[in-house]
Amino acid sequence: MRGLRLARTLLQEILRGRRRRPLPRLHARRYDKGRARHGTGKGKGGEDMKEQLRACILKGIEGCFADGTLTSGVFPAISVEKPAHAEHGDFATNVAMQMAKQERKAPRAVAEVLVKKLAEASDLIESVEIAGPGFINFFIKDAAWRKILSDIDRAGDQYGKSRVGAGKKVQVEFVSANPTGPLHIGHGRGAATGDAVASLLCAAGFNVQREYYINDAGNQMNTLGLSGLLRYKELLGEKIDFPENCYQGDYIKDIARDAITKHGDRFLNTPQEEGVAFFAKMGGDLILKGIDQDLQDFGIRFDNWFSEQSLFDEGKVPTAIAEMQEKGHIYEQDGALWFKTTEFGDDKDRVVVRSNGVTTYFASDIAYHRDKFARGFDWVIDVWGADHHGYVPRLKSVVQGLGRKADDLGIILVQLVSLLRDGQPVAMSTRSGEFVTLKEVVDEVGCDAARFFFLMRRSDSQLDFDLELAKRQSNDNPVYYVQYAHARIRSIFETAKERGVAPCFDNVRLELLQTADDMSLIKKLSLYPEILEGAAVNFEPHRITYYLQDLAGEFHSFYNKSRVITPEEPELTQARLFLLHCVAITLKNALTVLGISAPERM
RNA sequence: GCGCCUGUAGCUCAGUUGGAUAGAGCAACGGCCUUCUAAGCCGUAGGUCAGAGGUUCGAACCCUCUCAGGCGUGCCA
């Protein structure tokens with residue numbers, strides 16, 4: 001019933017006015033890089049340089065130990081970072097500061113001995129400096145930077161992908177809204193996030209499956225059936241006092257109308273249970289079909305739709321409970337069965353089977369997650385509405401009860417969306433109890449804009465979604481800003497073609513790329529692989545939207561200063577075309593991983 | 001009450017997992033189209049990173065406390 005709760009809270013939000021503070025961030029595990037080794041990757045950009053520098057520094061320290069200029073014999077962890085300011089070089093290391101204590105020398109003194117050993121190294125380094133409290137700053141040769149362009153060209157749509165995932169099986173379960181009503185805007189954010197995380201993990205070398213969990217068992221289906229039956233009777237002329245706890249939306253009337261067309265008035269005279277059962281089934285099927293359609297229109301397809309009811313039909317709920325009982329995680333008290341979640345740090349134990357014999361939703365979740373792992377997934381990720389954060393310890397307990405590590409389950413909490421129009425909250429039609437649906441939003445602003453907006457913020461930070469802004473065709477609108485960069489590049493290639501300049505990248509004279517704008521564009525491109533990997537293992541697609549805006553900005557700036565097609569300099573033209581070809585590849589790869597198109601023309 | 005969490009520019013948010021002078025977009029102000037898409041670019045201004053201690057070479061980030069705010073806390077789903 002996750003979806004409904006999300007919806008209710010959304011309504012509360014809207015009635016109460018905008019929420020001030022974002023919901024808590026707890027949950028998502030950080031991926032332990034130690035679990036998987038770096039593969040060779042495909043076009044590693046700046047990562048490759050960092051590794052070379054690390055090796056070089058290591059050799060330098062070894063040299064110092066060998067000739068006695070450094071004496072401790074203790075190797076620090078060698079970290080190489082990109083400094084915040086360009087004056088501090090392309091990369092920097094803090095090893096001298098880390099070694100200072102053990103060497104009993106000032107950090108800068110350590111740096112000085114070390115730098116002497118580094119000077120002789122590598123065709124990568126232009127110069128080395130000691131700066132600030134003891135940083136060693138590296139300036140990379142332009143030629144080395146330019147070589148990255150060839151890597152990007154060679155990798156093409158593979159540029160940025162890595163193999164940290166090492167083919168491990170991961171399942172991402174998301175949306176999972178009840179089949180009791182259409183998807184609303186809150187589900188949209190969960191959908192965009194889940195889908196993007198799945199794509200990111202795929203790009204990071206995991207073997208990913210997307211799954212939708214259908215809550216088709218339990219009370220809400222009866223409520224749906226009853227709602228349908230009552231509307232049906234109402235439409236056939238009976239006087240009905242429609243209960244408040246039934247589903248109020250107009251889509252229920254559509255279902256009732258549909259039933260009348262197909263089955264006439266036969267449910268007027270059948271027993272209530274039969275009618276309820278019929279409308280539960282029929283309504284559920286119809287709504288689920290609509291959900292699937294809305295998701296497809298949003299560019300999302302699931303590999304698997306998993307029915308909660310099937311857990312019961314196949315006896316998996318009792319089996320799971322029995323297993324947990326055997327392992328001593330479940331006990332009986334007051335006529336009910338309890339899971340000992342406190343054993344794993346939860347506040348209190350949780351009921352699995354009520355004293356009336358009916359299982360709780362939690363029981364289904366135990367069976368469901370047991371089943372996920374039984375299907376061979378190394379890593380299981382749930383995407384939830386953030387109002388479910390209280391359930392995290394419970395599910396983590398289950399996973400541990402199953403004999404897995406708590407971190408084998410990753411939970412992404414997605415915060416609520418406030419819908420705005422020109423800065424003003426969008427009023428919901430409280431009369432019908434309906435929310436703005438995902439379909440309405442996608443129809444109005446388009447799939448690309450909707451996706452980008454949903455992914456623009458960290459998922460656990462609350463999101464303002466302004467419909468007018470999302471539609472606006474100006475630089476206020478980040479979606480168009482980014483897509484425009486791609487279209488502009490394609491347009492330059494069109495112009496080149498019209499002017500009889502055929503791009504030829506076989507023997508590009510990269511050394512002609514010399515301006516500050518050429519170089520900073522190249523350096524920005526080199527960042528993509530590590531941004532992608534970081535976004536993947538941290539479940540943070542927003543890092544990609546920020547990177548895209550950054551890269552697009554770099555390109556637009558380049559565009560305004562640098563002429564690409566210059567008839568009098570055909571070789572420079574080719575070099576710049578090659579550069580932009582690589583920018584287009586990177587823009588497109590990053591957009592694609594978020595499920596957003598890279599238009600040829602705008 | 002207890003538990004989890006949040007506080008960064010007027011607004012909306014980033015901040016590379018502890019690095020150097022805290023960034024971006026809006027909003028405000030001033031410039032740039034006879035030249036490949038102005039859906040664009042350049043510049044100016046804006047800060048006690050809620051507050052106070054602590055840890056260390058170094059803190060927006062880690063620890064403690066205070067203040068403010070949010071969410072959770074069913075034999076519901």
Side-chain angles (χ1 to χ4, degrees), chain A residues 1-5 9 19-27 30 79 81-85 87-88 92 94 97-98 100-101 106-107 131-135 137 178 215 217-220 223 333-338 346-348 350-356 358 360-362 364 386-393 423 456-458 460-464 466 469 472-481 483-485 487-496 498-499 501 527 530-531 534 538 542-543 546 549-550 552-553 555-566 573 576 580 601-602:
Chain A
M1 205 85 177
R2 290 164 193 169
L4 189 60
R5 284 188 65 105
T9 324
R19 165 184 287 150
R20 286 276 171 72
R21 306 278 176 207
L23 263 184
R25 165 172 228 275
L26 27 109
H27 66 315
R30 308 286 187 169
S79 98
E81 296 187 5
K82 178 185 180 302
H85 302 277
E87 316 89 80
H88 295 138
N94 60 357
M97 280 132 77
Q98 288 186 320
K101 195 173 245 175
F135 287 103
N137 296 336
N178 292 336
N215 293 117
N219 278 335
Q220 78 273 9
T223 307
Q333 188 184 311
D334 305 329
L337 291 183
W338 299 71
D346 199 4
D347 298 338
K348 49 174 289 194
R350 309 292 171 176
V351 171
V352 177
V353 182
R354 291 184 264 163
S355 52
N356 65 7
V358 179
T360 62
Y361 182 79
F362 183 46
S364 301
D387 55 335
H388 283 68
H389 78 261
Y391 293 72
V392 173
M456 233 167 21
R457 304 286 177 233
R458 282 165 54 142
D460 50 6
S461 142
Q462 205 233 354
L463 174 72
D464 287 340
D466 195 311
L469 178 58
R472 204 170 299 158
Q473 301 196 348
S474 74
N475 60 345
D476 301 359
N477 187 341
V479 190
Y480 286 94
Y481 183 81
Q483 289 185 319
Y484 185 51
R488 237 180 179 179
I489 293 173
R490 300 317 313 165
S491 160
I492 291 172
F493 276 88
E494 278 302 304
T495 306
E498 282 164 20
R499 298 189 186 172
V501 179
L527 250 37
E530 54 194 292
I531 300 268
N538 291 297
H542 78 274
R543 296 190 189 195
Y546 274 87
Q549 293 178 78
D550 209 19
F555 163 72
H556 286 307
S557 177
F558 165 91
Y559 177 88
N560 269 267
K561 277 184 255 174
S562 313
R563 178 139 289 271
V564 177
I565 303 168
T566 46
T573 300
R576 289 219 162 125
L580 293 197
R601 189 171 296 122
M602 286 172 77

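Here is the naming used below: chain letters follow the sequence lines, and residue numbers restart at 1 for every chain.
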Please tell me if the side chains of A:K82 and A:L527 come closer than 4.5 Å, counting only heavy atoms from C-beta onward. yes
Between B:C11 atom C1' and A:Q462 atom CD, what is the distance in whole Å? 14 Å
A:F493 vs A:E498, side chain to side chain contact (heavy atoms under 4.5 Å, CB included): CA-CA, chis, key distance, verdict: CA-CA 9 Å; A:F493 276 88; A:E498 282 164 20; over 6 Å; no
Quote, to the nearest angstrom, the P distance that separates B:A22 from B:C61. 14 Å
Base orientation of B:U35, syn vs anti, 90° cut from 0: anti
Hey, is A:H389 stacking on B:G72? Ring centres under 5.5 Å, planes under 30°. no
Please confirm whether the shortest side-chain N or O distance from A:Y391 to OP1 or OP2 of B:A77 is below 4.0 Å. no
Contact class for A:Y481 vs. all strands (heavy atom < 4.0 Å): base, sugar-phosphate, or nothing? sugar-phosphate
Taking any heavy-atom pair under 4.0 Å as a contact, classify A:A92: base, sugar-phosphate, or nothing. base
Have a look at A:A496 and say if it touches a base, only the backbone sugar-phosphate, or nothing, with a 4.0 Å heavy-atom cut-off. nothing
A:M97 has a side chain; which of B:G72, B:A14, B:C57 sits nearest to it? B:C57
Taking the six-membered ring for Trp, are A:Y559 and A:F555 parallel (under 30°), tilted (30 to 60°) or perpendicular (over 60°)? tilted
Between B:A77, B:A14, B:A39, which one does the side chain of A:S461 approach most closely? B:A14
In whole Å, measure the gap between the C1' atoms of B:A60 and B:C49 for me. 5 Å
Please work out whether B:C33 sits syn or anti, treating a glycosidic angle within 90° of 0 as syn. syn
If you pin A:T495 and A:D334 to their nearest nucleotides in RNA chain B, which one's is more 5'? A:T495
How is A:D346 classified with respect to the nucleic acid when contacts are heavy atoms under 4.0 Å: base, sugar-phosphate, or nothing? nothing
Within-4.5 Å side-chain heavy-atom neighbours: A:F135 and A:N94: yes
Quote, to the nearest angstrom, the P distance that separates B:U16 from B:A50. 15 Å
Need one value for A:H556: base, sugar-phosphate or nothing, where a base atom within 4.0 Å counts as base even if backbone is also close, heavy atoms only. sugar-phosphate
In Watson-Crick or G-U wobble terms, both distances under 3.5 Å, what is the partner of B:U55? none
Nearest to the side chain of A:V564, which nucleotide is it out of B:C36, B:A20, B:U37? B:C36
For B:A38 and B:G31, measure between their C1' atoms and round to the nearest Å. 14 Å
5' precedence on RNA chain B between A:N94 and A:R499 (nearest-nucleotide basis): A:N94
Give one of base, sugar-phosphate or nothing for A:S557, where a contact means two heavy atoms less than 4.0 Å apart. sugar-phosphate
Rounded to whole angstrom units, what separation is found between the CZ atom of A:R350 and the C1' atom of B:G72? 10 Å
Is a donor-acceptor contact shorter than 3.5 angstrom present between the side chain of A:T360 and the base of B:C75? no
Base, sugar-phosphate or nothing for A:A106? Non-hydrogen atoms, less than 4.0 Å. nothing
If pairing means Watson-Crick or G-U wobble with both distances under 3.5 Å, then the partner of B:A60 is none
A:Q98 CD to B:G18 C1': how many Å, rounded? 10 Å
For A:S355 and A:A336, indicate whether the former's side chain and the latter's backbone hold a donor-acceptor pair under 3.5 Å. no
B:C62 versus B:U17 - spacing of their C1' atoms, nearest Å: 11 Å
Without decimals, in angstroms, what is the distance between A:R457 CZ and B:C26 P? 12 Å
Distance check: side-chain N/O of A:H542 vs OP1/OP2 of B:A24, anything under 4.0 Å? no
Ignoring hydrogens and geometry, is there a side-chain-to-backbone donor-acceptor pair from A:R350 to A:K348 under 3.5 Å? yes
Give none if B:U73 has no partner; otherwise give the nucleotide forming a Watson-Crick or G-U wobble pair with it, both distances under 3.5 Å. B:G1
Distance-only donor-acceptor test, A:N137 side-chain atoms vs B:A20 base atoms, 3.5 Å: yes
Who pairs with B:U17 - Watson-Crick or G-U, where each distance is under 3.5 Å: none
Under a 3.5 Å limit for both distances, which nucleotide forms a Watson-Crick or G-U wobble pair with B:C67, could you say? B:G7
Ignoring backbone atoms, test whether A:K101 places a side-chain nitrogen or oxygen under 4.0 Å from the OP1 or OP2 oxygen of B:C57. yes
Under 3.5 Å: donor-acceptor pair, side chain of A:S491, backbone of A:A487: no
Categorize A:S562 for me: base, sugar-phosphate, or nothing, with a 4.0 angstrom heavy-atom threshold over every strand shown. base
Would you say A:K82 places a side-chain N or O within less than 4.0 Å of OP1 or OP2 belonging to B:G15? no
Between A:R576 and B:C36, is there a contact of a side-chain N or O with OP1 or OP2 at under 4.0 Å? no
For B:A39, which nucleotide is its Watson-Crick or G-U wobble mate, given both distances must be under 3.5 Å? none
Between A:N477 and A:L469, is there a donor-acceptor pair closer than 3.5 Å when you use the side chain of the first and the backbone of the second? yes
What integer number of Å spans the C1' atoms of B:A24 and B:G47? 15 Å
Nearest-angstrom distance from the residue atom CG of A:D347 to C1' of B:C5: 14 Å
Give one of base, sugar-phosphate or nothing for A:R601, where a contact means two heavy atoms less than 4.0 Å apart. base
Out of B:G23, B:C36, B:C13, which nucleotide sits closest to the side chain of A:H85? B:G23
B:A59 versus B:U21 - spacing of their P atoms, nearest Å: 10 Å
Ring stacking, A:F135 with base of B:A20, under 5.5 Å and under 30°? yes
So A:A100, base contact, sugar-phosphate only, or nothing? Heavy-atom distance under 4.0 Å. nothing
Can you find a heavy atom in the side chain of A:R543 that is under 4.5 Å from one in the side chain of A:N538? yes
Looking only at side-chain N and O atoms, does A:R458 come under 4.0 Å of OP1 or OP2 in B:G15? yes
Is there, by distance only and without an angle test, a donor paired with an acceptor across the side chain of A:N560 and the base of B:G40 below 3.5 Å? yes
Given that both distances must come in under 3.5 Å, which nucleotide forms a Watson-Crick or G-U wobble pair with B:A28? B:U44
Side-chain donor/acceptor of A:Y484 to base of B:U37, under 3.5 Å: yes
Nearest heavy-atom approach of A:P393 to A:H389 is CD-O, 3.9 Å
Between B:C33 and B:A14, how far is it from one C1' atom to the other, in whole Å? 32 Å
Proximity to the side chain of A:Q220 - top-ranked nucleotide from B:A77, B:U35, B:G19: B:A77
Does a nitrogen or oxygen in the side chain of A:Y480 sit under 4.0 Å from OP1 or OP2 of B:G40? no
In whole Å, what is the span from the CG atom of A:N219 to the P atom of B:C75? 15 Å
Distance check: side-chain N/O of A:R488 vs OP1/OP2 of B:A38, anything under 4.0 Å? yes
